[in-house]
Amino acid sequence: MAELPDLTVFAQILSRRFKGKIVERVEVTVGKKLNVSVKELQTALEGRDLNGVRRVGKTLQFDFGDQVLGLHLMLRGELVAVEDNEVPRFQVLAIHFKGGEGFAVLDMQKMATPTLNPEQNDVPDALDMEESYFTSLLAKKRTVIKTVLMDQHVMRGIGNSYADEILYHAGVSPFSIAKAVPAEKLFKSIQTVLEKAIKDISRANGDELMGELKDFMLVHSSKLKVTEKGELIRTDKIGGRMTYYTDMQELFL
DNA sequence: GTAATTGTTCTAGC
DNA sequence: CGCTAGAACAATTA
């Protein structure tokens, strides 16, 4: 469930807490998604110090100088701070730093994917793509707009939840055809919604690393029946994914 | 026991 | 061949 805003905040918190610390021990509890052997990962990271953590698309990258650990949390991955000997339930991977502090990746579905030295990717990030790129992208897509926003091959970082939030903010129906959608307006909504979410999540979660972050969904929630403004929230499936929207969102065809 | 969940990858069809 | 839609798969809990 972690998308761009959550991951951005995770990266900030991880950087603040662990930057400069030296890796004492790398613990791999579930290794099937790892692209190298456990031993290779350990020799690559142990003894190095963490230069920082950044978000790249829907992944995190832990920068250890000439070695980088990529991490995709997939559907249910979480990050928690751990003490030296602590092994939380559903642990996939843990990094223990000298001095006793560390963090663990948890995933009850075991789908979280750590990658040593992930390949570079040219697909622009949703938060730093050029407006001209977005405009010409929409112009050549005949797909439903929601699937374009979520397509990691054309822009990275937006998943099912924030696609709904962005389209609600823009007043654009998720069923609109991409090339008919006013690109400038939607582009602004992408920036606005994502940046606001980063601020809200950051403020609400502080410096703690406690698994899932609290979020602020206005439409994408099974608990809500109406929006803050009292608009009825409808549900449907787009591409097999649950979609939340209102009748206030204009359909462009 | 089964429904529900969603990111990614694969495949069929136009 | 390029693009799109949809299915398959992953794994576990409520």
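In this model, a donor atom of one side chain and an acceptor atom of the other lie less than 3.5 Å apart for A:His169 and A:Ser189.
A side-chain donor-acceptor contact under 3.5 Å links A:Gln152 to the backbone of A:Met150. A donor-acceptor contact shorter than 3.5 Å links the side chain of A:Asn205 to the backbone of A:Ile201.
Considering only side-chain atoms of A:Thr143, the nucleotide from B:dT6, B:dT8, C:dA5 that sits closest is C:dA5. Among the nucleotides B:dT8, C:dT13, B:dT6, the one closest to the side chain of A:Phe90 is C:dT13.
Of the side-chain N and O atoms in A:Lys141, one or more sit less than 4.0 angstrom from OP1 or OP2 of C:dT4. Listed pair A:His153 / C:dT4 fails the phosphate criterion, with no side-chain N or O lying under 4.0 Å from OP1 or OP2. Taking only side-chain nitrogens and oxygens, A:His72 never comes nearer than 4.0 Å to OP1 or OP2 of B:dG7. Considering only side-chain N and O atoms, A:Lys58 lies under 4.0 angstrom from the phosphate OP1 or OP2 of B:dT8.
In this entry the distance linking CD of A:Glu78 with C1' of C:dT13 reads 13 Å, nearest Å. Taking atom NZ of residue A:Lys146 and atom C1' of nucleotide C:dG6, one finds them 15 Å apart after rounding to whole Å. In this structure, the CD atom of A:Gln109 is 9 Å from the P atom of C:dT13, given to the nearest Å. We find that CG of A:Leu137 is positioned 11 Å from P of C:dC3, with the value rounded to whole Å. Atom CZ of A:Arg76 is separated from atom C1' of B:dT8 by 17 Å (rounded to the nearest Å). Atom CG in A:Leu75 sits roughly 5 Å away from atom C1' in B:dT6 (whole-Å rounding). Rounded to an integer number of Å, the gap from A:Asp164 CG to B:dG7 P is 10 Å. Protein atom CG of A:Asn35 is 16 Å distant from nucleotide atom P of B:dT8, rounded to whole Å.
When the salt bridge (Lys or Arg N to Asp or Glu O under 4.0 Å) test is applied to A:Arg156, no partner is found at least two apart in sequence or on another chain.
Comparing A:Arg89 and A:Lys140 by the nucleotide of DNA chain C that holds the closest heavy atom to each, the one mapping nearer the 5' end is A:Lys140.
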- Task: Could you walk me through whether A:Tyr168 and A:Tyr162 pass the ring-ring contact (aromatic ring centres under 6.0 Å, His included) test, one step at a time?
- Result: CA-CA 10 Å; A:Tyr168 172 67; A:Tyr162 280 96; over 10 Å; no

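Aromatic ring orientation, A:Phe175 versus A:Tyr245: perpendicular (interplanar angle above 60°, classes split at 30° and 60°). Below 30°, between 30° and 60°, or above 60°: for A:His220 and A:Tyr244 the angle between ring planes is above 60°, a perpendicular geometry.
One end of the helix from B:dT2-C:dA14 to B:dC14-C:dG2 points its axis 40° away from the other end's axis, with each axis taken from 5 pairs and the angle rounded to 10°.
The one candidate from A:Arg241, A:Lys146, A:Glu3 that meets the side chain to side chain donor-acceptor pair (under 3.5 Å) condition with A:Asn160 is A:Lys146. The one candidate from A:Val26, A:Leu34, A:Asp107 that meets the side-chain contact (heavy atoms from CB on, under 4.5 Å) condition with A:Leu93 is A:Val26.
Using a 4.0 Å cut-off between charged nitrogen and carboxylate oxygen, A:Asp49 and A:Lys19 do not count as a salt-bridge pair.
Within residues 237-246 of chain A, the residues that place at least one heavy atom under 4.0 Å from DNA chain B are, in residue-number order, A:Gly240, A:Arg241, A:Met242.
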